Amino acid sequence: MRQTAHLVFSLAALFVIVVGVASAQVPNTQTPKYDLLLKKGHVIDPANGLDGQMDVAVAVGRIAAVQKDIPVAQAAKVVDVSGLYVTPGLIDIHYHVGHGGAPLNWFAEDSTNHEVAPTTGPPEQLAPLGIPADLALQSGVTTIVDAGTAGAATFLQEKEEVIDHAKVRVLAFLNIVSDGMNGGLEQSVDGMDVKRCADTILRYSDIIVGVKTAHYWTQKPLDDLHSTWAAVDRAIACGESAKVPVMFDFWPRPERSYADLILQKARPGDIHTHVFAQQFPILLDGKINPILQQARNRGVIFDVGHGAGSFWFRNAVPAVKQGFVPDSLSTDLHTGNFNVVSMSNVMSKFLNMGISFADLIRRSTVNPAREIHRPELGTLSVGAEADIAVLEELHGHFGYIDCGYAKMEGTSQIVARMTVRAGRILYDPSGLSMVQWEKARPQYFNIPMLQGSLPATADSYPRN
Ligand SMILES: [Zn+2]
């Protein structure tokens with residue numbers, strides 16, 4: 001038996017040699033082991049303690065290997081990423097999708113939104129708050145978490161219209177207010193139904209990772225219908241019931257201090273987003289306010305949530321220089337800021353404040369994954385879904401702005417070059433993974449007769 005096997009092996013080897021000599025190349029009759037191989041990138045995977053030059057191989061939508069010198073012959077598609085960083089797909093835990101405060105029939109012709117706006121006072125209806133989920137791919141982000149745009153009464157619509165159709169992974173914090181965010185809806189204490197909130201979270205626990213409270217009673221005097229801590233207390237009650245963290249968007253007032261929020265109300269694992277907004281006493285006489293470290297010692301999490309009105313260099317720069325860096329970086333992207341803010345932009349600001357590239361990746365991958373109790377995300381562990389960002393650090397002169405219309409100059413900028421989600425190349429605007437057009441396979445030069453005939457593409461790698 002062993003002799004027969006040896007003979008078969010020898011004949012096969014002879015065949016390979018003869019054919020190899022005849023055609024000057026070894027025929028590749030086997031299906032390659034990997035679908036995709038990213039060669040010679042600088043891999044940063046904080047969850048696994050990796051920081052150095054390595055190759056990353058993908059098979060059937062999952063990470064198959066992360067090691068040095070994986071042979072190119074083992075992969076159907078090889079992408080040279082030398083000079084670039086290869087990191088887990090980034091996680092942005094403060095994003096907005098869906099309608100928000102707009103009426104649910106906003107797009108319908110008979111929507112009240114299309115009525116003439118009043119000449120005085122605020123408009124009666126607002127345009128949708130959320131932006132397309134897949135815009136996140138432009139920054140190497142593969143998981144976004146909607147931060148309370150929808151509440152229990154509007155979540156299903158958001159799920160069916162946006163979440164179920166997005167290419168990027170969309171998770172959500174559920175607004176404690178059943179009607180969701182914006183347009184004054186978050187002022188209704190009656191609308192903060194703890195049981196309905198918790199029931200919805202438990203029913204959609206594959207998507208909903210926490211509770212959000214925001215924008216509650218920030219201007220007018222408190223009254224019988226609006227008690228000081230109603231929104232925070234009810235959000236925490238829902239979080240307790242559904243066993244999930246709460247994300248706070250908060251505005252202190254004389255009756256409720258920031259210290260009370262982070263030292264008394266917030267539970268370990270709860271998240272204060274917008275930490276560098278104008279309204280927080282981050283500094284006392286130029287020094288870091290000690291309540292921040294006291295809150296950290298209790299397990300309270302601090303998140304950036306940059307947004308259109310929640311990031312001031314006067315807080316961020318001195319805080320970071322003194323060693324207080326938010327646990328997670330996030331954008332708070334919505335229709336009011338998406339053309340200025342992005343995850344790359346937020347990360348670039350912190351890079352220019354002196355945070356190392358590897359530390360930025362930690363605060364954009366493994367940290368947010370832990371905060372939303374999804375430790376399987378934000379890592380390149382073998383077997384994980386192949387969510388990958390290929391990032392470049394540019395050097396030059398760059399300007400960065402905050403929400404107080406002040407700027408900070410810097411010498412570095414982070415840009416995403418390629419984004420892979422579950423093994424599919426969904427963002428590659430400079431063609432890192434593509435062939436020079438003159439060298440494309442014959443099929444590329446076809447003029448298709450009918451839609452559905454052989455597509456005129458240079459390769460067949462899944463790209464959408
Ligand atoms: Zn927000």
Side-chain angles (χ1 to χ4, degrees), residues 90-102 126-133 135-136 139 141 143-151 154-155 158 162-163 166 168 170-187 192 197 207-218 231-232 235 239 244-252 261 266 270-280 301-312 315-316 326-343 345-346 349 364 368 371-372 402-403:
L90 308 178
I91 302 173
D92 183 353
I93 64 162
H94 194 145
Y95 200 100
H96 291 282
V97 298
H99 288 68
L126 297 170
L129 181 69
I131 61 166
L135 268 183
S139 281
V141 173
T143 297
I144 60 173
V145 187
D146 180 76
T149 314
T154 56
F155 173 73
E158 181 172 294
V162 181
I163 297 174
V168 68
V170 185
L171 305 173
F173 288 94
L174 192 71
N175 202 308
I176 182 59
V177 179
S178 295
D179 286 332
M181 189 168 283
N182 214 348
L185 301 172
E186 291 173 293
Q187 310 309 326
M192 301 172 191
C197 172
I207 300 172
I208 305 178
V209 298
V211 187
K212 175 82 185 292
T213 172
H215 313 132
Y216 173 66
W217 218 249
T218 57
V232 166
V244 293
V246 177
M247 176 183 268
F248 305 104
D249 164 310
F250 186 75
W251 196 287
L261 176 76
D270 285 345
I271 303 160
H272 176 227
T273 190
H274 305 314
V275 62
F276 291 144
Q278 59 183 316
Q279 68 266 33
F280 300 111
I301 307 290
F302 294 95
D303 176 65
V304 173
H306 186 300
S310 299
F311 184 84
W312 261 254
N315 278 338
D327 301 281
S328 47
L329 309 183
S330 67
T331 59
D332 186 17
L333 276 177
H334 53 72
T335 43
N337 65 21
F338 71 98
N339 53 358
V340 179
V341 181
S342 67
M343 193 67 168
N345 175 263
V346 173
K349 287 172 184 171
S364 310
E371 292 169 21
I372 58 172
D402 72 7
C403 302

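When a ligand or atom number is given, it counts from 1 through the structure's own listing order. These numbers come from a predicted model, not from an experiment.
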For this session: Nearest 0.5 Å please: distance from the CE atom of Met343 over to the CG atom of Leu90.
Result: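 The CG atom of Leu90 is 5.5 Å from CE of Met343, to the nearest 0.5 Å.
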For this session: Kindly assign one of parallel, tilted or perpendicular to the pair His306 and Phe311, based on the angle between their ring planes and the thresholds 30° and 60°.
Result: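 Judged by the thresholds at 30° and 60°, the geometry between His306 and Phe311 is parallel.
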For this session: Check step by step if ring-ring contact (aromatic ring centres under 6.0 Å, His included) holds for Phe280 and His272.
Result: CA-CA 11 Å; Phe280 300 111; His272 176 227; 4.5 Å; yes
Exercise. Does His94 bring an N, O or S atom to within less than 2.8 Å of the Zn ion (ligand 1)?
Worked result: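 Yes, since at least one N, O or S atom of His94 sits under 2.8 Å from the Zn ion (ligand 1).
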Exercise. What N/O/S atom of Asp332 gets nearest to the Zn ion (ligand 1)?
Worked result: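 Sorting the N, O and S atoms of Asp332 by distance to the Zn ion (ligand 1) puts OD1 first.
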Problem set entry | Shortest-distance N, O or S atom of His96 relative to the Zn ion (ligand 1) |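 Closest N, O or S atom of His96 to the Zn ion (ligand 1): NE2.
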Problem set entry | Worked check of side chain to side chain donor-acceptor pair (under 3.5 Å) between Asp303 and Ser330 | CA-CA 7 Å; Asp303 176 65; Ser330 67; 2.7 Å; yes
